[in-house]
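Below is one structure; the comments refer to it alone.
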Amino acid sequence: GGKDKIDALGRLLTRILRHMASELNLNMRSDGYVKVNDLLKLNLKTFANIPLRSHTIDEIREEDVKLFQAVRKDNKQRFSLLEENGELLIRANQGHTITEVESERLLKAILSADEIPVCVHGTYRKNLESILESGLKRMKRLHVHFSCGLPMDGEVISGMRRDVNVLIFLDVRKALEEGMKLYISDNKVILTEGFDGIVPVKYFEKI
Ligand code: HQG
């Protein structure tokens with residue numbers, strides 16, 4: 001139905017804005033923003049070898065009203081819109097693999113542990129042994145992701161997937177004290193590069 005289509009469009013947008021700017025020659029600023037007009041102008045040919053789930057960029061072009069529905073209705077508020085000098089810009093708030101994006105420009109630094117109630121990473125039992133051995137790694141992304149709250153009654157929460165079955169709490173005070181840089185995104189996801197892409201086990205909260 002209409003909702004499925006909007007969701008699919010949201011997934012496509014997420015993919016482009018987090019992962020695909022370089023390969024699509026999409027001009028992305030270091031704060032992650034691209035011009036909506038550039039997005040709508042993307043040449044379909046550049047998508048030829050990429051399976052897009054259920055939307056083509058032509059559909060976005062024809063239905064740019066839907067583009068804004070996808071942005072507004074996104075259940076994790078994954079996107080931000082900005083108007084600058086009469087031009088509309090759009091970005092993904094977190095989750096990037098694109099290295100042109102700079103943490104300091106995309107995100108707001110967390111300066112004190114008092115700014116956030118809790119900092120928790122959601123993962124799966126199958127990863128636990130490896131995580132306890134080598135720490136939390138950012139994998140393909142620029143940052144390790146944490147939520148600043150816990151999912152209540154199965155509700156969707158930004159920063160972790162709905163089906164996680166292991167929670168790892170970060171000792172924010174200790175991490176900040178020892179120089180780990182922590183950031184918060186516009187949709188309230190806590191992000192860190194850790195130290196060289198790794199959050200060592202000694203920063204996990206012992207509970
Ligand atoms: C795991 C979704 C083995 C890590 C979510 C995770 C989030 C390790 C996976 C956002 C490991 C990486 C990010 C180690 C980490 N050994 N496994 N040493 N270190 N892992 O997708 O945090 O819906 O890059 O626990 O809601 O799962 O896309 O990160 O399971 O906000 O907006 O390696 O993506 O948001 O997976 O998810 P990811 P994530 P969206």
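FYI, side chains are in, hydrogens and waters are out, and symmetry mates aren't considered; it's all heavy atoms of this structure. Read the numbers this way: they start at 1 and go in the same order the structure lists the ligands and their atoms.
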Do Asp74 and Arg11 sit within salt-bridge range, that is, some charged N less than 4.0 Å from a carboxylate O? no
Quick test of your reading of the model: are Asp31 and Arg29 salt-bridged, counting only N-O distances below 4.0 Å? yes
At a 4.0 angstrom heavy-atom cut-off, ligand 1 is contacted by Arg18, Lys76, Arg78, His121, Thr123, Asn127, Ser130, Ile131, Ser134, Gly135, Leu136, Lys137, Met139, Arg141, His145, Gly159, Met160, Arg161
Have Tyr33 and Glu84 got a donor and an acceptor in their side chains that come within less than 3.5 Å? no
Between atom CD of Glu205 and atom SG of Cys119, what is the distance when rounded to the nearest 0.5 Å? 9.5 Å
Does Asp163 have more than 12 heavy atoms from other residues, nucleotides or ligands lying within 6.0 Å of its CG? yes
Under a 3.5 Å distance rule, please check whether Ser185 uses its side chain to pair with a backbone N or O of Leu107 as donor and acceptor. no
